[in-house]
Novice: 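Sending over a structure as structure tokens; questions will come in a sec.
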Amino acid sequence: MKYKHVAVLMGGFSSERPVSLSSGNACADALEEVGYRVTRVDVGRDVASVLDELKPDVAFNALHGPYGEDGTIQGILEYLEIPYTHSGVAASALAMDKQHAKRIAASVGIPVADERVMHRLEIELVHPMDPPYVVKPVSEGSSFGVLIVHEDHPHPPQSLGSDEWPYGDRVMVERFVHGRELTCAVMGDQALGVTEIFPIGHSFYDYESKYIKGGSKHEFPARILPNIYQRIQKLSLMAHQALGCRGVSRSDFRYDDRFSEDGELVWLEVNTQPGMTPTSLVPELAELAGYSFGELLTWMVEDASCMR
């Protein structure tokens, strides 16, 4: 081990704080078990001074959402010259902005759904595109604020015009792709396996499906045609590399095989800070590839660096 003292960054002040605390504590426990000295840091606005005083050898970034995976904390760690896990400043910022990420992905031949980015108040009485479509905040994670508008819905979602809307004014309106929910993790320069996700009691893989026990069923490896399985792995690695991701990432897809075996495969987004909770997908896919949870985290810590 080249690093001894790991600061696990968790919590923070985004909507995903509870998820981050769960991820962070799970990772801290596992890192202690494999022999690291671990300090748990509940990130506040004084994080720079806290880390400067703590002087860890490396930071394990278990933050989720704005400030944690959009390049902000990465920039602070670069300034402090503390090596850190996951992607660097530029890749984090690009991947967090769904519009920029899709344009980069499309530029290297990754299939994406048609979309347009609008101010949420522009979407009032008239559908911005023919239903079905999805409305999602441009820079949120964990499916916060995602709305699905079905064919029979007479008007756009009225919650978009509410003063209580907490997810920012820029939203992406994206063609809804029917079909199966698939995801693939990338570890360094290796695409891991593909998982199919079956939300339980929910129409799509929303926040509760992701993080509440029993909210979804994961089938890994996914039971899909070998050529589709391999294509998802290839596209996941392409997205990881095109955006400049480092460490571990996870790409999400929709696959519509209702009318043909090959069907339509669409890339949705890349997650540069995938969840590390007991119900998370990346630890399952790493285990399928032969890595225990402790071995996965050790690889991530030892892969950490600045200038990522």
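Keep in mind that what you see is a predicted model, and the values were worked out from it rather than measured.
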Novice: Measuring centre to centre across the rings, with the benzene-like ring taken for any Trp, is His86 within less than 6.0 Å of Tyr84?
Specialist: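 Not under 6.0 Å, so no.
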Novice: Which distance, rounded to the nearest 0.5 Å, do you find between the CD1 of Ile123 and the CZ of Arg116?
Specialist: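 The CZ atom of Arg116 is 8.0 Å from CD1 of Ile123, to the nearest 0.5 Å.
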Novice: Shortest non-hydrogen contact from Pro66 to Ser14?
Specialist: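 The pair with the smallest heavy-atom distance is O-CB, 3.6 Å.
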Novice: Counting only N and O atoms by type, is there a donor-acceptor contact under 3.5 Å from the side chain of Glu78 to the main-chain atoms of Met307?
Specialist: yes
Novice: Can you measure from OH (Tyr167) to CG (Leu147) and round to the nearest 0.5 angstrom?
Specialist: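 Reported to 0.5 Å precision, the distance equals 9.0 Å.
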Novice: Take atom CG of Asp189 as the centre, draw a 6.0 Å sphere, and report whether it contains more than 12 heavy atoms from other residues, nucleotides or ligands.
Specialist: no
Novice: Check whether any side-chain heavy atom of Ser251 lies under 4.5 Å from a side-chain heavy atom of His240, and answer yes or no.
Specialist: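 No. Closest side-chain heavy atoms not under 4.5 Å.
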Novice: Do you know which two heavy atoms are closest between Ala95 and Thr272, and how far apart they sit?
Specialist: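 Taking Ala95 first and Thr272 second, the nearest heavy atoms are CB-CG2, 3.5 Å.
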Novice: If you count heavy atoms of other groups shown closer than 6.0 angstrom to CD of Gln158, is the number above 12?
Specialist: yes
Novice: Which distance, rounded to the nearest 0.5 Å, do you find between the CD1 of Ile73 and the CG of Leu77?
Specialist: 5.0 Å
Novice: Between Ser87 and Arg246, is there a donor-acceptor pair closer than 3.5 Å when you use the side chain of the first and the backbone of the second?
Specialist: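 It does hold such a pair.
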Novice: Under a 3.5 Å distance rule, please check whether Glu196 uses its side chain to pair with a backbone N or O of His218 as donor and acceptor.
Specialist: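 Pair absent, no side-chain N/O of Glu196 close to backbone of His218.
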Novice: Is the backbone N or O of Gly71 less than 3.5 Å from a side-chain atom of Gln74, with the two atoms forming a donor-acceptor pair by type?
Specialist: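 Such a contact is found between Gln74 side chain and Gly71 backbone.
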Novice: At their closest point, which heavy atom of Val282 faces which heavy atom of Pro274, and how far apart are they?
Specialist: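 Smallest interatomic distance, heavy atoms only, reads CG2-CB, 3.5 Å.
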Novice: Does Leu297 reach the side chain of Glu33, with side-chain heavy atoms less than 4.5 Å apart?
Specialist: no
Novice: Keeping Glu122 on the side-chain end and His119 on the backbone end, is there a donor-acceptor pair under 3.5 Å?
Specialist: yes
Novice: Before giving the answer on side-chain contact (heavy atoms from CB on, under 4.5 Å), spell out for Tyr3 and Glu302 the whole-Å C-alpha distance, their side-chain angles and the decisive distance to 0.1 Å.
Specialist: CA-CA 7 Å; Tyr3 298 122; Glu302 298 302 316; 4.2 Å; yes
Novice: Indicate yes or no for a side-chain donor-acceptor contact from His127 to the backbone of Met129 under 3.5 Å, with no hydrogens or angles considered.
Specialist: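 Answer holds: no.
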Novice: Contact between Val108 and Gln241 at the side-chain level, heavy atoms closer than 4.5 Å - yes or no?
Specialist: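 Val108 does not reach Gln241 side chain to side chain.
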Novice: From Phe259 CZ over to His178 NE2, what is the distance, rounded to the nearest 0.5 angstrom?
Specialist: 8.0 Å
Novice: Check for me, please, whether Tyr229 and Leu285 land in the same ILVMFWY cluster - side-chain distances under 4.5 Å, paths through other members count.
Specialist: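 Both belong to a single hydrophobic cluster.
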Novice: Is the shortest side-chain N to carboxylate O distance from Asp303 to Arg308 below 4.0 Å?
Specialist: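 The answer is yes: the pair qualifies as a salt bridge.
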Novice: In the single-linkage hydrophobic clustering (I, L, V, M, F, W, Y; side-chain heavy atoms under 4.5 Å), do Val58 and Trp299 co-cluster?
Specialist: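 Yes: a chain of side-chain contacts under 4.5 Å links Val58 to Trp299.
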Novice: Scan side-chain atoms only and decide if Thr183 and Asp252 contain a donor-acceptor pair under the 3.5 Å cut-off.
Specialist: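 Yes, a side-chain donor-acceptor pair sits under 3.5 Å.
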Novice: Could you walk me through whether Arg17 and Leu21 pass side-chain contact (heavy atoms from CB on, under 4.5 Å), step by step?
Specialist: CA-CA 6 Å; Arg17 174 179 170 81; Leu21 289 171; 4.0 Å; yes
Novice: Please report the C-alpha distance between Gln273 and Glu16 in whole Å, then the side-chain angles of each, then the deciding distance to 0.1 Å, and finally whether the side-chain contact (heavy atoms from CB on, under 4.5 Å) criterion is met.
Specialist: CA-CA 12 Å; Gln273 299 279 134; Glu16 297 182 67; over 6 Å; no
Novice: Transitively linked via ILVMFWY side-chain contacts under 4.5 Å: Leu9 with Leu31?
Specialist: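 No: no chain of side-chain contacts under 4.5 Å links Leu9 to Leu31.
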Novice: Above 12 or not: heavy atoms from other molecules or residues under 6.0 Å from CD of Glu151?
Specialist: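 Yes - once you tally the heavy atoms of other residues, nucleotides and ligands closer than 6.0 Å, there are more than 12.
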Novice: So, taking the atom named CD in Glu269 and the one named CG in Asp97, what distance separates them when rounded to the nearest 0.5 Å?
Specialist: 11.5 Å
Novice: Tell me the closest heavy-atom pair linking Cys184 and Ala191, and the distance in Å.
Specialist: SG-CB, 4.4 Å
Novice: A quick test of your reading: do over 12 heavy atoms of other residues, nucleotides or ligands sit less than 6.0 Å from CZ of Arg223?
Specialist: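 Atom CZ in Arg223 is not packed in, count stays at 12 or less.
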Novice: Please evaluate residues Thr72 and Asp70 with respect to the criterion side chain to side chain donor-acceptor pair (under 3.5 Å), reporting the C-alpha separation (whole Å), side-chain torsions for both, the decisive distance (0.1 Å), and the verdict.
Specialist: CA-CA 6 Å; Thr72 303; Asp70 62 0; 2.8 Å; yes
Novice: Considering only NZ, NE, NH1 and NH2 on the basic side and carboxylate oxygens on the acidic side, decide whether Asp42 and Arg40 come within less than 4.0 Å.
Specialist: no
Novice: Is there side-chain contact between Leu296 and Val248, with heavy atoms separated by less than 4.5 Å?
Specialist: yes
Novice: Using side-chain heavy atoms (C-beta onward) and a distance below 4.5 Å, is Pro111 in contact with Leu235?
Specialist: yes
Novice: To the nearest 0.5 Å, what is the distance between CD (Glu81) and SG (Cys306)?
Specialist: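 Answer rounded to 0.5 Å: 6.5 Å.
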Novice: Is there a side-chain contact between Val135 and Leu160 (heavy atoms, below 4.5 Å)?
Specialist: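 Answer yes - side chains close enough.
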Novice: Do other residues, nucleotides or ligands put more than 12 heavy atoms under 6.0 Å from the CG atom of Asp46?
Specialist: yes
Novice: Please say which of Asp52, Asp57, Leu51 ends up in a side-chain contact (heavy atoms from CB on, under 4.5 Å) with Lys55.
Specialist: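 Among the candidates, only Asp52 passes.
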Novice: Taking the side chain as every heavy atom from C-beta outward, state whether Lys102 and Trp267 have any pair of such atoms under 4.5 Å apart.
Specialist: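 Sidechains of Trp267 and Lys102: in contact.
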Novice: Determine whether Met300 and Met276 make a side-chain contact, defined as any pair of heavy atoms from C-beta on separated by less than 4.5 Å.
Specialist: yes
Novice: Considering non-hydrogen atoms only, spot the tightest contact between Ile224 and Arg180 and give its length.
Specialist: CG2-NH2, 3.5 Å
Novice: Can the ring centres of Phe13 and Tyr67 be said to be less than 6.0 Å apart?
Specialist: yes
Novice: Carefully, step by step, assess Glu115 and Arg175 under the rule salt bridge (Lys or Arg N to Asp or Glu O under 4.0 Å).
Specialist: CA-CA 6 Å; Glu115 46 80 14; Arg175 177 176 65 86; over 6 Å; no
Novice: Treat each ILVMFWY residue as a node, draw an edge where side-chain heavy atoms are under 4.5 Å apart, and state whether Val117 and Ile104 are in one component.
Specialist: no
Novice: Cluster question for you: counting only ILVMFWY and a side-chain heavy-atom cut-off of under 4.5 Å, with indirect links fine, are Val270 and Leu265 together?
Specialist: yes
Novice: Quick one: do Arg170 and Gln99 satisfy side chain to side chain donor-acceptor pair (under 3.5 Å)? Show the steps, please.
Specialist: CA-CA 10 Å; Arg170 288 176 69 232; Gln99 183 183 34; 3.2 Å; yes
Novice: Looking only at the side chains, is there a donor atom on one of Thr39 and His5 sitting less than 3.5 Å from an acceptor on the other?
Specialist: yes
Novice: Within the distance-only criterion (no hydrogens, no angle test), does the side chain of Asp257 pair as donor or acceptor with the backbone N or O of Gly263 below 3.5 angstrom?
Specialist: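 No, because the side chain of Asp257 does not come within donor-acceptor range (under 3.5 Å) of the backbone of Gly263.
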Novice: Does the pair Arg254 and Asp256 meet the rule for a side-chain contact (heavy atoms from CB on, under 4.5 Å), with working shown?
Specialist: CA-CA 7 Å; Arg254 295 283 282 186; Asp256 185 357; over 6 Å; no
Novice: Quick one: closest heavy-atom pair of Phe60 and Cys27, and the distance?
Specialist: CE2-SG, 3.7 Å
